[in-house]
Amino acid sequence: MRYSGSAPEPSLIIGYGDDRKVSGVRFQDLRINGLRITDDMEGKPAWYKTSDMARFFIGEFVENLSFSSAPPLRGQCADMRESVH
């Protein structure tokens, strides 16, 4: 997934409760304004969560969220462009 724009708004991944969690989500080759967001990205302070680098708010009912540098299979990349000028 790629985003290019001047003001990305925070994304929320929350879940509803212990019995309705968000689980097992993997972002592959996520890029925000050209910056590749990965769990092992260079320059990320050790105390930051990877989701902080992507401006994601991760709720308490989310587990097994990961950010991988492996590119997705051909045809599986979502290209998000800013629509407000």
Side-chain angles (χ1 to χ4, degrees):
M1 181 183 311
R2 294 184 178 141
Y3 171 84
S4 297
S6 59
E9 293 295 323
S11 295
L12 309 175
I13 303 175
I14 299 174
Y16 289 103
D18 283 326
D19 57 339
R20 296 183 66 197
K21 292 183 178 187
V22 174
S23 181
V25 176
R26 179 176 53 175
F27 290 91
Q28 291 179 280
D29 199 31
L30 174 63
R31 295 174 191 242
I32 298 177
N33 291 326
L35 177 64
R36 182 179 281 177
I37 308 295
T38 65
D39 288 328
D40 59 353
M41 66 188 290
E42 189 174 315
K44 177 177 70 82
W47 59 90
Y48 272 40
K49 295 180 181 179
T50 306
S51 58
D52 294 335
M53 303 300 289
R55 293 183 45 91
F56 287 5
F57 172 81
I58 307 303
E60 65 182 293
F61 303 113
V62 178
E63 59 188 19
N64 301 321
L65 181 69
S66 65
F67 297 83
S68 168
S69 61
L73 298 175
R74 185 179 178 105
Q76 292 184 344
C77 181
D79 193 2
M80 310 287 288
R81 297 197 186 273
E82 183 177 29
S83 59
V84 178
H85 301 284

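In this chain, residues are counted from 1 in sequence order.
A salt bridge does not link D39 to K44: none of the charged nitrogens lies less than 4.0 Å from a carboxylate oxygen.
Ring pair F67/F27 is parallel by interplanar angle, where below 30° counts as parallel and above 60° as perpendicular.
The environment of R55 atom CZ is dense: over 12 non-hydrogen atoms of other residues, nucleotides or ligands sit within 6.0 angstrom.
Here the CE atom belonging to M1 is positioned 13.5 Å from the CZ atom belonging to R31, to the nearest 0.5 angstrom. Here the OG-CG distance, from S68 to D29, works out to 8.0 Å after rounding to the nearest 0.5 Å.
Proximity of a side-chain donor or acceptor of N33 to a complementary backbone N or O of G5 within less than 3.5 Å is detected.
For I13 against V62, the heavy-atom pair with the smallest separation is O-CG2, 3.3 Å. Closest of all the heavy-atom pairs between A54 and I37 is CB-CG2, 4.0 Å.
No side-chain heavy atom of F61 sits under 4.5 Å from any side-chain heavy atom of V22. Side-chain atoms of F56 and L30, non-hydrogen and from C-beta on, do get closer than 4.5 Å to each other. Residues T38 and M53 fail the side-chain proximity criterion, which asks for heavy atoms closer than 4.5 Å.
When hydrophobic clusters are built by joining Ile, Leu, Val, Met, Phe, Trp and Tyr residues whose side-chain heavy atoms come closer than 4.5 Å, directly or via intermediates, Y3 is not grouped with F57. Hydrophobic cluster membership is shared by I58 and V25, with clusters built from Ile, Leu, Val, Met, Phe, Trp and Tyr side chains linked at under 4.5 angstrom.
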